[in-house]
Amino acid sequence: MKSQAVKGTHDILPAQVPAWRLVESKVRETLERAGAGEIRPPVFEHTETFVKTAGESSDLVVQKEMYTFEDRGERSLTLRPEFTPGFMRAFIQHGMHTLPSPVRLWGMGPVFRAENVQRGRFRQFHQVNYEVLGSDAPLIDAETIALLYDALTAVGLRNLTVKLGSVGDPEDRAAYNDYLRRELEPQAGRLTETSQERLRLNPMRLLDAKDPGDQELIRPLKRPLDFLGEPARSHFEEVQQWLGDWNIPFEIDPAIVRGLDYYRRTAFEVHHGGIGAQSALSGGGRYDGLIESLGGPKTAGIGWAFGVERVLDAMAVDGVEVPAPTVPDVFLVPLDETAVAEVAAAARLLRSDLSVQHSVIKRNPGRGMKDADRSGARFAALRGDRERELGTYEVKDLISGSQESVPETQLLQYLQEREDR
RNA sequence: GUGGGUGUAGCUCAGUCGGUUAGAGCACCUGAUUGUGGUUCAGGGGGUCGUGGGUUCAAAUCCCAUCAUCCACCCCA
C-alpha cells in the first residue's frame, strides 16, 4: 500500500486512453470547425491571476481550494483551478484583441482543486475549456451553448439537460442582492451559519441553500430573473430565440447561480442524470467586463468548461462504444536463436508500413502462436531453420486458421494485400 | 472540514459467535505439446489479512487509534 497515487489523482492507463482520445478528437473537430484555435497555457500562474479573476468571495478563494505554493524566487504561484484566468491573461499579454473578432479559443488539460473527493470530483481532473472574446451579441451566446451541446452529442452522450438562466447585469445583481438583504436580514438569525455568511458576502448564492429551514425562508422570494433590467432581459430572450430556432433542447432554470463572481447575463449548465450527485458535466456563462477588470482592453466574453472525467463517466453509463486499442498487423515468432535476430531486424523494416510485434526470445511453435494470439495480431509469422533454408516465413491467418509459406521478400506485400479481408 | 460504508493475492471476493500451515475464481508462469494459438488437464509463483497498539494460552476474526478508499453533505467540471 506504499506505492499509491496522491488522494484525488488518477493514472490514465493504456486501456482507458482510447476513450480520452475519442473525447479529445470529437471536441477538437467540433470546435475547430467553428473557428476555434487551440491554446495551451501553463499549468501554473501567479496566484493573483486566479484570485483577481475568480473574486475574493468565490469558493476557490474562501474555502482555500487552490494549490498555492511559493517558488524559489518567493513568488506565490498556484496550480490552475480553472482555465479561464489563464486564457484571459494570455489574451491580454499577446494583444489578441487585434485578431479578427470574435476570437474563439479552446484548450484541454489538467486542473487542480483541493476539495474532498467523491464520484465525479477529484483533486486533479481534466477540463475542456472554450471561450469567445470580443462579442456581446446574443447570437454568440447561443452559438457557444450550441457548440457545447454539439460537442457533448458528438462524443455520444444522450439525455443531456441544458439549463439556461441569466444572472443579469451588475446593476441587476446589485439590486437583487439588496432585495435579498432587505428581505432576509430581519430574520437572519433563523438562517444556518453558512447562509448568514453568504448573506454578507454574496447573497445571491443563498439560492443554492439545501437546508430545509433556509429553503423555507427563500422560497417565497423573487428570483434573479425577476430583477433583470431591460438590456439583460431582451438579451436573454434573444438567446432563447436562437436556441429554439436551432432545436437545442433547453430549460429555463430561474435559480441558476454561478459560483464565480465574474459572470454577467447568460449562465448555463449541462447535466447528466446517471453519474451520481455531481451531475453537472459543464457550466459556463458570459463575463463582459472581466478582461477590462484584469487590465486589458474593454472586451466582452463568454465561455464554458466541461469535466472530462464526468463526461467519460456519462459515456460509460450511456454505453458509448469506444474504439479498441490498436493491435499489431503481424506478430513474428522466432523458433531458434538465429531467428531472434532475424525477426527483430525484419520488424524494424516492416514498421515503416505496418504495426509489428515479435517474441523477444526463441519460442516453440505452440508457445509462439499463443504469444501471437494474445497480442491480438491478425497474422502470425514463424521463422525457424526450415524457413531460413527456403528464405521464407510461415504466415498464419489467426482468424481463418489458414497458413501459407511466403518468401521473405514478399512478406510486406502479402500482409498488406490481406490485412483488410 | 463533516457523516456513513469498505479495507484479506495483480483483480473480484469468501473466510469473522477467536483455535492447525489463510482460501476460491480470474490473471500470471511452467508442463502435457521437440513445428502450430483460442479449449482442456496438471503443476507452480504470488499474502507483514491497510498500519500501530491493546485484550487473550491463542487475533484476519474482539477493542482503541490511525491511514487509505468509496459514497454523500458543501460546492461545482
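All chains are named by letter (A, B, ...) in the order of the sequence lines, taking the proteins before the strands, and each is independently numbered beginning at 1. Note that the structure is predicted; figures quoted are calculated from it, not measured.
- A sub-4.0 Å separation between OP1 or OP2 of B/A72 and a side-chain N or O of A/Q118 is present.
- Counting to the nearest Å, the P atom of B/A77 and the CD atom of A/E115 are 9 Å from each other.
- Judged by distance alone, with hydrogens and angles left aside, the side-chain atoms of A/D329 form a donor-acceptor pair with the main-chain N or O of A/S355 at under 3.5 Å.
- Nucleotides B/A59 and B/G53, compared at atom P, are 13 Å apart to the nearest Å.
- A/R383 forms a cation-pi arrangement with A/Y393, by the criterion of a distance under 6.0 Å to the ring centre and an angle within 45° of the ring axis.
- A/D397 and A/S402 share no donor-acceptor pair across their side chains, judged by distance under 3.5 Å alone.
- Residue-level contact check: A/Q403 touches the bases, meaning some heavy atom is under 4.0 Å from a base atom.
- Within the nucleic acid shown, A/F331 has no heavy atom closer than 4.0 Å to any nucleic acid atom.
- Look at CG on A/D371: it is 16 Å from P on B/G35, rounded to the nearest Å.
- Rounded to an integer number of Å, the gap from NZ of A/K7 to P of B/A68 is 5 Å.
- The six-membered or imidazole ring of A/H10 lies near that of A/F122, with a centre-to-centre distance under 6.0 Å.
- On a pure distance criterion of 3.5 Å, a polar donor-acceptor pair joins the side chain of A/R310 and the base of B/C76.
- Computed from coordinates, the A/N116 CG to B/C76 C1' distance equals 14 Å when rounded to whole Å.
- When the C1' atom is compared between B/C73 and B/U20, the two are found 48 Å apart, to the nearest whole Å.
- Residue A/T84 is classed as having no contact, given no heavy-atom separation below 4.0 Å to the nucleic acid.
- For the 3.5 Å distance criterion, the side chains of A/E32 and A/W106 qualify, holding a donor opposite an acceptor.
- At a threshold of 4.0 angstrom between heavy atoms, the contacts of A/D385 include nucleobase atoms, whether or not backbone atoms are also involved.
- A/L398 comes within contact range of at least one nucleobase, with a heavy-atom separation under 4.0 Å.
- Residues A/Q127 and A/E82 bring no donor and acceptor atom of their side chains to less than 3.5 Å of each other.
- Of the candidates B/A77, B/C71, B/G37, the closest approach to any side-chain atom of A/R121 belongs to B/A77.
- Look at the P atom in both B/G25 and B/C67: the space between them is 37 Å, to the nearest Å.
- As judged by a 4.0 angstrom heavy-atom cut-off over every strand, A/G368 is placed among residues making no nucleic acid contact.
- Taking the P atoms as reference points, B/G38 lies 44 Å from B/A72, given to the whole Å.
- Applying the ring-ring contact (aromatic ring centres under 6.0 Å, His included) criterion to A/F87, with sequence neighbours excluded, gives A/F83.
- Atom-to-atom, CG of A/L335 to P of B/U34 comes out at 13 Å; the value is rounded to the nearest Å.
- At a cut-off of 3.5 Å, with distance as the only test, a side-chain donor of A/S279 or A/H271 sits close to an acceptor on the other residue.
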Check: protein-nucleotides 26-29 of chain B nitrogen or oxygen pairs below 3.5 Å:
unit_1: B/C28; atom_1: OP1; unit_2: A/R374; atom_2: NH1; d: 2.4
unit_1: B/C28; atom_1: OP1; unit_2: A/R374; atom_2: NH2; d: 2.2

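- Distance A/R123 CZ to B/A68 P: 9 Å, rounded to the nearest Å.
- Across the interface with RNA chain B, nearest-nucleotide mapping of A/Q127 and A/E394 shows A/E394 to be the residue nearer the 5′ end.
- At a cut-off of 3.5 angstrom, counting only N and O atoms as typed in the model, there is no donor on one side facing an acceptor on the other between the side-chain of A/N364 and the base of B/U36.
- The separation between A/Q278 atom CD and B/A77 atom C1' is 9 Å, rounded to whole Å.
- Taking atom P on both nucleotides, B/A9 is separated from B/G50 by 8 Å, rounded to a whole Å.
- Within 4.0 Å of A/A372, counting heavy atoms only, lies no atom of the nucleic acid at all.
- Comparing the same atom, P, in B/U16 and in B/U61 gives a spacing of 13 Å after rounding to whole Å.
- Here B/C70 presents its P atom at 13 Å from CD of A/E309, a figure rounded to the nearest Å.
- Nucleotide B/A68 forms a Watson-Crick or G-U wobble pair with B/U6, both donor-acceptor distances falling under 3.5 Å.
- Stacking of the aromatic ring of A/F125 onto the base of B/A77 is found: the ring centres lie under 5.5 Å apart and the planes are inclined by under 30°.
- Taking the nucleotide of RNA chain B with the nearest heavy atom to each of A/G307 and A/E387, the more 5' of the two is matched to A/E387.
- Checked by atom type, the side-chain pair A/T68/A/T78 shows a donor-acceptor distance below 3.5 Å.
- For A/Q4, whose side chain is taken as the heavy atoms from C-beta onward, the closest listed nucleotide among B/C73, B/A68, B/C71 is B/A68.
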